[in-house]
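Model, not experiment: these values are computed from the prediction. Basis for what follows: all heavy atoms, side chains included, without hydrogens, waters or symmetry-related copies.
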Amino acid sequence: MLVFVYLLVTFILACVFLICYICMYNYYQTYIIRINESEAFIDTTLRKRFDLLNKSIGIIEANRKDKAKGKEDEPILKSIVNLKSQKLSNFELDRILYDGINEFQRYKDEIPSLMENESFLKIDLALFESESEIVSARKYYNDIITDYNKLVRNFPSNIVAKICNYKVKTYYDGKDMTDDDIQDFKL
């Protein structure tokens, strides 16, 4: 009779552990799906920004009047031109696109005739709108990563993380707060 009680208690404990494991595993899967969705939205927004900057190159070239200054050989949006052939993470692509948008704004200020071009103004407006999209996407991604990282580090969910080999993820800006590398904080 005592053996039966031990077996029953062992079986109940195993069932409770299994139910807890399944619930925690499903909770992780929910976060993984949300992370993937937010990464896809960021990727789509970055592609949109790249396409807009790429379209602006021809318009800027057509309106550039600095040929007398010897700048006709300088490529327009040089950081954007060769991006298709490179394999970049979204972190790196975002930083390069940010530089391209700064260059785009510089041309907007330097070439007054661009402000009379309807296509250029549409691109400028779309880039402005995409900025708010990417900011909100980064915030959403970082919020999800914060919650996910809490699961990975806190007990008892860290047991499931170790079993399933889930690791702490970095925030969108790519800064690792746990390392000694201060170069990743450069602006």
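- A 6.0 Å sphere centred on OH of Tyr28 holds more than 12 heavy atoms belonging to other residues, nucleotides or ligands.
- The hydrophobic cluster containing Phe41 does not contain Ile33, counting ILVMFWY residues as joined when their side-chain heavy atoms lie under 4.5 angstrom apart, directly or transitively.
- The environment of OH in Tyr21 is crowded: more than 12 heavy-atom neighbours from other residues, nucleotides or ligands sit within 6.0 Å.
- Considering Asp43, Thr45, Thr44 as possible partners of Arg47, the one that fulfils the side-chain contact (heavy atoms from CB on, under 4.5 Å) test is Asp43.
- Proximity of Tyr27 to Ser157: side-chain heavy atoms (C-beta onward) are nowhere separated by under 4.5 Å.
- Taking the ring centroids of Tyr171 and Phe91, they lie at or beyond the 6.0 Å cut-off.
- With Tyr148 as the aromatic partner, Lys169 meets the cation-pi criteria of under 6.0 angstrom to the ring centre and within 45 degrees of the ring axis.
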Worksheet item: Where do Tyr140 and Arg34 land on the side-chain contact (heavy atoms from CB on, under 4.5 Å) test, with the steps shown first?
Response: CA-CA 10 Å; Tyr140 179 70; Arg34 289 175 62 196; 3.5 Å; yes
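- Hydrophobic clustering of Ile, Leu, Val, Met, Phe, Trp and Tyr side chains at less than 4.5 Å, counting indirect connections, keeps Ile101 apart from Tyr98.
- The side-chain contact (heavy atoms from CB on, under 4.5 Å) with Tyr6 is formed by just one residue from the set Leu8, Leu2, Val9; it is Leu2.
- In summary, Asp94 and Arg138 engage in a salt bridge, as defined by a charged side-chain N under 4.0 Å from a carboxylate O.
- Taking 4.5 Å as the limit, some side-chain heavy atom of Ile60 sits within range of a side-chain heavy atom of Phe120.
- A heavy-atom distance below 4.5 Å is not found between the side chains of Asn102 and Arg106.
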Item to complete: In sequence, state the C-alpha distance, the side-chain angles, and the governing distance for Leu46 and Leu97, and then conclude on side-chain contact (heavy atoms from CB on, under 4.5 Å).
Response: CA-CA 8 Å; Leu46 291 176; Leu97 290 175; 3.9 Å; yes
